[in-house]
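Structure incoming, see below.
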Amino acid sequence: MAAINDNTHVSRETMEQPATKALAVTPSNSVELPFVTRALYIGTLGDLKVKMYGNQQEITFIQVVGLLPIRVDQVFATGTDADDIVALW
């Protein structure tokens, strides 16, 4: 079976499709992410304070670990003690 060459395969990504990019996140009180996430992966249990995309609501998730299907544009340092955070988009 031949592999699909992603450089020539044209498709429009939708939210139902899996993420195609990932980047380790360094929480910051002043710097927003350069993209909006589809989800965050939390590798080490802890609290996670984020700014939700769209309504700019700040919210803290208590004692989270694993995959969170949330669209955020910032992960705050203050209020976050979860670790090994990976943004997926």
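Basis for what follows: all heavy atoms, side chains included, without hydrogens, waters or symmetry-related copies.
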Looking at Glu58, Glu32, Gln57, which one forms a side chain to side chain donor-acceptor pair (under 3.5 Å) with Lys51?
->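 Among Glu58, Glu32, Gln57, the one that satisfies the side chain to side chain donor-acceptor pair (under 3.5 Å) with Lys51 is Glu32.
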
Any side-chain heavy-atom pair from Tyr53 and Val36 closer than 4.5 angstrom?
->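 Yes, their side chains come closer than 4.5 Å.
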
Counting only N and O atoms by type, is there a donor-acceptor contact under 3.5 Å from the side chain of Ser28 to the main-chain atoms of Ser30?
->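 Answer holds: yes.
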
What distance separates Phe35 CZ from Lys21 NZ, expressed to the nearest 0.5 Å?
->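 That separation rounds to 10.0 Å.
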
Can you check side chain to side chain contact (heavy atoms under 4.5 Å, CB included) on Asp47 and Thr80, steps first, answer last?
-> CA-CA 5 Å; Asp47 295 349; Thr80 296; over 6 Å; no

Validation row: Pro27, Ile85 side chains within 4.5 angstrom (heavy atoms) =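 Yes. Closest side-chain heavy atoms under 4.5 Å.
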
Could you pull out the closest heavy-atom pair between Ala87 and Thr37, with the gap in Å?
->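 Residues Ala87 and Thr37, closest heavy atoms: CB-CG2, 3.8 Å.
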
Linking I/L/V/M/F/W/Y whenever any side-chain heavy atoms sit under 4.5 Å apart, do Ile42 and Met52 land together?
->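 Yes, because Ile42 and Met52 connect within a single hydrophobic cluster, where side-chain heavy atoms sit under 4.5 Å apart.
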
Check whether any side-chain heavy atom of Leu40 lies under 4.5 Å from a side-chain heavy atom of Ile70, and answer yes or no.
->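 Yes, close enough: below the 4.5 Å cut-off.
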
Give the C-alpha distance, both sets of side-chain angles, the deciding distance and a yes or no for side chain to side chain contact (heavy atoms under 4.5 Å, CB included) between Val50 and Phe61.
-> CA-CA 8 Å; Val50 299; Phe61 294 89; 3.8 Å; yes

Can you hop from Leu68 to Leu33 via hydrophobic side chains spaced under 4.5 Å?
->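 Yes: a chain of side-chain contacts under 4.5 Å links Leu68 to Leu33.
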
When hydrophobic residues are tied together by side-chain contacts of less than 4.5 Å, even through go-betweens, does Phe76 share a cluster with Val31?
->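 They do not share one cluster, since no chain of ILVMFWY contacts under 4.5 Å joins Phe76 to Val31.
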
Spell out, yes or no, whether Leu45 and Val64 are grouped together once hydrophobic residues are joined by side-chain heavy atoms under 4.5 Å, including indirect joins.
->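 They do not share one cluster, since no chain of ILVMFWY contacts under 4.5 Å joins Leu45 to Val64.
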
Residue pair Val86 / Ala22: nearest heavy atoms and the distance that separates them |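 That closest heavy-atom pairing would be CG1-CB, 3.9 Å.
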
Hey, does Lys49 have a side-chain heavy atom less than 4.5 Å from the side chain of Ile59?
->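 A side-chain contact under 4.5 Å is absent here.
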
Should Val25 and Leu67 be counted in the same cluster of Ile, Leu, Val, Met, Phe, Trp and Tyr side chains packed under 4.5 Å apart?
->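 No.
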
Out of Val75, Thr60, Val65, which one pairs with Leu48 under the side-chain contact (heavy atoms from CB on, under 4.5 Å) rule?
->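 When Val75, Thr60, Val65 are each tested with Leu48, the side-chain contact (heavy atoms from CB on, under 4.5 Å) holds only for Val75.
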
Side-chain donor-acceptor pair present, Asp84, Thr44, cut-off under 3.5 Å |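 A pair is found: one side chain offers a donor N or O, the other an acceptor, under 3.5 Å apart.
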
Side chain of Arg38, backbone of Thr20: donor and acceptor closer than 3.5 Å?
->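 Not at all, since once roles are kept as given, no pair shorter than 3.5 Å links the two residues.
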
